[in-house]
Number of protein chains: 2
Amino acid sequence: MHMSKTTQTSQAQIIKSLSAIQSEVESINRIALSVDCVIFGFDENKLKVLLIRSDLKKFQGKWSLLGDLVDPDEELDAAASRILKQRTGLDNVYMEQVKTFGCLNRHPAGRVVTVVYYSLINIQNHKLKILDNELHWHDVSEIEDLAFDHKQILDCSYEQLQRRVQEHPLAFSLLPKKFSLRELQNVYEAILNVKMDRRNFRKKFFAMDFLVDIDEMEQDVPHRPGKLYNFNYNKYEKKKKKWVGIDF
Amino acid sequence: MHMSKTTQTSQAQIIKSLSAIQSEVESINRIALSVDCVIFGFDENKLKVLLIRSDLKKFQGKWSLLGDLVDPDEELDAAASRILKQRTGLDNVYMEQVKTFGCLNRHPAGRVVTVVYYSLINIQNHKLKILDNELHWHDVSEIEDLAFDHKQILDCSYEQLQRRVQEHPLAFSLLPKKFSLRELQNVYEAILNVKMDRRNFRKKFFAMDFLVDIDEMEQDVPHRPGKLYNFNYNKYEKKKKKWVGIDF
DNA sequence: CATTTAATGTGTAAAATTAACACATTATTG
DNA sequence: CAATAATGTGTTAATTTTACACATTAAATG
């Protein structure tokens, strides 16, 4: 086989380039990054989480959180919003980053670091939209194990929700715009897993005056109907202040 | 220039390979991942943070947090520990993940997502070890801006520390093993940026009985010396319980 | 239409926690 | 030995949290 000197040089350069590319690819130290969403809802007086049937053989039959790889030119929050939008059709939902999980063996396909968000949505709003029968609402209290490390992720997210809901008015995000005080109390009781005193609960919420009496009553309840309220976020914004103390 | 058919084929194959590599590199969807450490210390009655002079031209003269890329086969916590160990020589230090920052433009060299940890260390222990004069302890309250998005990261970490220190006995990590109640109170006052009543503070800490009177006194203070105490973590573990309530 | 049912709506008193406050004591310094 | 600059200690008022019971209302039932 004949080959000119020029060509040889050219090939040598290509090989050199290839090896440069290879070493660069190795040196970039990049890692697959995903976002997982813990989507909480509230229905039948229970805290729920939206899960999807795992598509991996290894986890056949198990449920998992909703997640996807982050695109290299996509913001993390945007990835979380995208996943939520794709699965539920919902926009403008309360979301918060929880934690990043990066165990080496957490994903069978190799190293995948995942940034976890939880979100709170009003189940009524999109009950009809969940047509995909691979998706299902589960009682948080009844989940035993999940695919990947998703049980651990769920536990961590649930604990964060429990802490946050005691310090910020998040519970409203799980309810329709109009709600009764009983429904609000049910949300707190479900999330915190405690029974509360109705009178003290009402007193507390009326004292912080961001519940707006809209002069409507519950409909279609088999007993005396309760008044309905809205949550006024502006009033909360004005009132909120930091408390400082030691409590452990 | 002469080139044989064989050679042409060969080059075509190489080009094909190159393009395959390129598309594979694009498809792996990987992202550079770093860990940044917000290292808090306490000295001169002030909360401090350990910073390093930025080595990037863009941020010349600015200070930045200590961080490094995560190795593809390295745990996130391990990366944080490694960074701390490399810079301070310390092991077994209190550390907690704060949040992950992933803004597209946060790093001039391209997309780098960073997982942030804060840690609490006792400055006395390693004052001598900070020989690297690119490293320096800064008053947290006096930091105006930092390289990258590190000011934002610091603010977020500081807020998390303020929340955590009110609910968990972290402050002890910033003090030597033996400390006086005044020093302990100074830590809380510095972190929370408030003045506290000495008698109520003492009452509170004696009530939770995990302070151990070691029957020693402060030395070399220009006034009446205070008693020294140890913190007994075991007693804390036994007592801790979740408080449930609504407070916002 | 009267009765039953299953909730809503409301106030007060006790208990626990937090906040406010002052003076004698002690080692060091000059 | 006087002056200094801190430590160490208890009580009371104010606030917050908890515990607790009965009349009211609309719907459902017979």
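Below, chains carry the letters A, B, ... as their sequence lines are ordered, and counting in each starts from 1. Keep in mind it's a predicted model, so treat the numbers as computed, not measured.
- The side-chain contact (heavy atoms from CB on, under 4.5 Å) check on Arg82(B) picks up Asp68(B), Glu74(B), Ala79(B), Gln86(B), with sequence neighbours excluded.
- Remark: aromatic rings of Tyr233(A) and Phe210(A) are distant, center separation not under 6.0 Å.
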**Report entry** Reading 5' to 3' through nucleotides 22-30 of chain C, protein heavy-atom contacts under 4.0 Å coded B for base, S for sugar-phosphate only, - for none
**Finding:** B--BBBS--

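- To the nearest angstrom, C1' of dA20(C) lies 15 Å from CE of Met196(B).
- Rounded to whole Å, atom C1' of dT8(C) lies 10 Å from atom CG of Leu181(A).
- Proximity of the aromatic rings of Phe42(A) and Tyr188(A) is defined here by a centroid distance below 6.0 angstrom, and this criterion is not met.
- For Asp197(A) and dT10(C), the CG to P distance is 14 Å, given to the nearest whole Å.
- The distance between atom CG of Asn200(A) and atom C1' of dG9(C), rounded to the nearest whole Å, is 14 Å.
- Regarding Tyr229(A), its OH atom lies at a distance of 11 Å from the P atom of dT8(C), rounded to whole Å.
- Look at NZ on Lys227(A): it is 13 Å from C1' on dT25(D), rounded to the nearest Å.
- Evaluation of the side-chain contact (heavy atoms from CB on, under 4.5 Å) rule for Lys48(A) yields Asp43(A), Glu44(A), Lys46(A), Ile123(A), Trp137(A), Asp139(A) as partners, not counting sequence neighbours.
- Pairs engaging residues 207-216 of chain B under the salt bridge (charged side-chain N to carboxylate O under 4.0 Å, His left out) rule: Lys178(B)-Glu216(B), Asp213(B)-Lys227(B) [sequence neighbours left out].
- DNA chain D lies under 4.0 Å from at least one heavy atom of each of the following residues of residues 202-212 of chain B: Arg202(B), Lys203(B).
- Under the side-chain contact (heavy atoms from CB on, under 4.5 Å) criterion, Lys204(A) pairs with Met208(A), Ile246(B), sequence neighbours left out.
- For the residue pair Thr100(A) and Thr100(B), a side-chain donor N or O sits within less than 3.5 Å of a side-chain acceptor on the partner.
- Here dT9(D) presents its C1' atom at 15 Å from CZ of Arg182(B), a figure rounded to the nearest Å.
- Between Asp149(A) and Arg106(A) a salt bridge is recorded (basic side-chain N to carboxylate O distance below 4.0 Å).
- Per the geometry, CG belonging to Asp213(B) stands 9 Å off P belonging to dG8(D), to the nearest Å.
- When all heavy atoms are compared, the tightest approach of Leu184(A) to Ala171(A) is CD1-CB, 4.2 Å.
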